[in-house]
Amino acid sequence: MNSRLEDVAGKGLMISIFLYLAIMQAVSIIATVQMREQIDLWGFVLASRVAGLVFLALIVFLTVIRHAPKNVSSGIEPRLTAIAGTFCLMFLVVLPTGSPGIGLRIFASCLMVAGTVLSIWCVIYLGRSFSIMAAARQLVVQGPYAIVRHPLYAAEAVTTLGAVVAGWSIWSALLFILWWALQYRRMVNEERILRATFPEYEDYTRHVPMVIPTLTPYRPGTAATPTLPAE
């Protein structure tokens, strides 16, 4: 399958999946409002689900309008890793859960809301370069991408940590470790294709850390600068 056909097929699949998830999220919001008297920490739960719906809707929209790839990773491993890293957390809903105290649940809810809001900020800046697979579309170095190379992964880690704390168990902790290992591999795959496509990316990596934000935002030269794909 050539890269153009693969991109179109992937776009259609991702739109279908995330549109379905957005609809399910909207249904859960309606249920949350209707059952507010029966839900602990109702305000936190509602805020988290509304933020999640905004994030999913943005993913659908940006996937529809995204740029065609300039370059894509070869081989099956980057594709399998991207799919596994995106969807493996769905297993959280079937894993055994613990019973954390009210303090931990409030902390977890704050993490989930904050992480989702940060994710929305990241995808807004990523814009039409958003992609699940490792593909070079354009090179984004503004906003959150000026202080960390993979801010969306970092923001998702905050959200995921909140979900793990909320239903604490050794199994959810192990799933978090597996998920992060997959995300790290995705970063490596993405950076390989970015280096091969955008010569200026090497300078960017020298000034901006991979995951832990820097206090000094990156300021590219006045020349036109291409954009970072994926998360």
Return yes if some donor-acceptor pair links the side-chain N/O of Ser28 with the main-chain N/O of Gln25 below 3.5 Å, else return no. yes
If you apply the rule side chain to side chain contact (heavy atoms under 4.5 Å, CB included), what do you find for Val141 with Glu200, and how did you get there? CA-CA 11 Å; Val141 295; Glu200 58 271 55; over 6 Å; no
Hydrophobic cluster identity match, Trp171 and Trp180, side-chain contacts under 4.5 Å: yes
Mark yes when over 12 heavy atoms from residues, nucleotides or ligands other than Phe91 sit less than 6.0 Å from its CZ; otherwise mark no. no
Please check if any side-chain donor atom of Asn189 sits under 3.5 Å from a side-chain acceptor atom of Arg186, or the reverse. no
So how far is it from Leu13 CG to Ile83 CD1, rounded to the nearest 0.5 Å? 7.5 Å
Could you give the distance from CG (Leu111) to OG1 (Thr159), rounded to the nearest 0.5 Å? 8.5 Å
Of all the heavy-atom pairs spanning Ser172 and Gly167, show the shortest one and how long it is. OG-O, 3.7 Å
Test log, rule side chain to side chain contact (heavy atoms under 4.5 Å, CB included), inputs Ile29 and Val50: CA-CA 7 Å; Ile29 290 171; Val50 170; 4.0 Å; yes
Closest contact, heavy atoms only, Phe55 versus Glu156: CZ-OE2, 4.0 Å
Taking Arg79 for the side chain and Ile76 for the main chain, is one N or O donor matched with an acceptor at less than 3.5 Å? no
Compare every heavy atom of Pro96 with every heavy atom of Ser169, then report the nearest pair and how far apart it is. OG-O, 2.8 Å
Measuring from atom CD1 of Ile212 to atom CD1 of Ile147, what distance do you get when rounded to the nearest 0.5 angstrom? 11.0 Å
Flag, side chain of Trp42 to backbone of Thr32, donor-acceptor distance under 3.5 Å: yes
Under 3.5 Å, is there a donor on one side chain and an acceptor on the other for Gln183 and His150? no
Just wondering, more than 12 heavy atoms not from Met210 lying within 6.0 Å of its CE? yes
Would you indicate whether the side-chain heavy atoms of Leu182 and Cys88 approach each other to under 4.5 Å? yes
Scanning both residues in full, the closest heavy-atom pair of Tyr145 with Val140 reads CB-O, 3.4 Å
Has Phe176 got more than 12 heavy atoms of other residues, nucleotides or ligands less than 6.0 Å from its CZ? yes
Under 3.5 Å: donor-acceptor pair, side chain of Lys70, backbone of Ala136: no
Report yes or no: do Glu77 and Thr81 form a side-chain donor-acceptor pair below 3.5 Å? yes
Heavy atoms of Val72 and Ala135 approach each other most closely as CG1-CB, 3.8 Å
Answer yes or no: is there a side-chain heavy-atom contact under 4.5 Å between Thr214 and Val148? no
Between atom CD1 of Ile170 and atom CG of Leu95, what is the distance when rounded to the nearest 0.5 Å? 11.5 Å
Tightest non-hydrogen contact, residues Tyr201 and Arg195, listed as CD2-CG, 3.7 Å
Pair Ser129, Arg66 - check side chain to side chain contact (heavy atoms under 4.5 Å, CB included), show working. CA-CA 6 Å; Ser129 297; Arg66 72 186 184 188; over 6 Å; no
Flag the pair Leu194 / Tyr204 as yes when at least one side-chain heavy-atom distance between them is below 4.5 Å, and no otherwise. no
Give a yes or no on whether the backbone of Gly85 and the side-chain of Trp179 come within a donor-acceptor separation of less than 3.5 Å. yes
Do Tyr218 and Asp203 have side-chain N/O donor and acceptor atoms under 3.5 Å apart? yes
Is Leu19 linked to Ile132 within one hydrophobic cluster, defined over Ile, Leu, Val, Met, Phe, Trp and Tyr using a side-chain heavy-atom separation of less than 4.5 Å? yes
Flag the pair Thr86 / Met14 as yes when at least one side-chain heavy-atom distance between them is below 4.5 Å, and no otherwise. no
Test your reading of the model: is there a side-chain donor-acceptor pair from Arg128 to the backbone of Ile65, 3.5 Å cut-off? yes
Main-chain N/O of Val45 paired with Ser48 side-chain donor or acceptor, under 3.5 Å: no
With the 4.5 Å side-chain cut-off for hydrophobic clustering, are Leu178 and Tyr153 part of the same group? yes
Determine yes or no for a side-chain-to-main-chain donor-acceptor pair under 3.5 angstrom, with Arg149 supplying the side chain and Val208 the backbone. yes
Interatomic spacing from CG in Leu126 to OG in Ser119 - rounded to 0.5 Å: 11.5 Å
Could you walk me through whether Leu175 and Leu92 pass the side chain to side chain contact (heavy atoms under 4.5 Å, CB included) test, one step at a time? CA-CA 8 Å; Leu175 182 61; Leu92 277 175; 3.8 Å; yes
Contact between Ile59 and Phe130 at the side-chain level, heavy atoms closer than 4.5 Å - yes or no? yes
Is there a path of hydrophobic side-chain contacts, each under 4.5 Å between heavy atoms, that joins Met112 and Leu41? no
Return yes if some donor-acceptor pair links the side-chain N/O of Arg105 with the main-chain N/O of Ala166 below 3.5 Å, else return no. no
Check whether Leu21 and Ile30 end up in the same hydrophobic cluster, where Ile, Leu, Val, Met, Phe, Trp and Tyr are linked by side-chain heavy atoms less than 4.5 Å apart. no
When rounded to the nearest 0.5 angstrom, what distance separates CZ in Arg192 from OG in Ser73? 7.0 Å
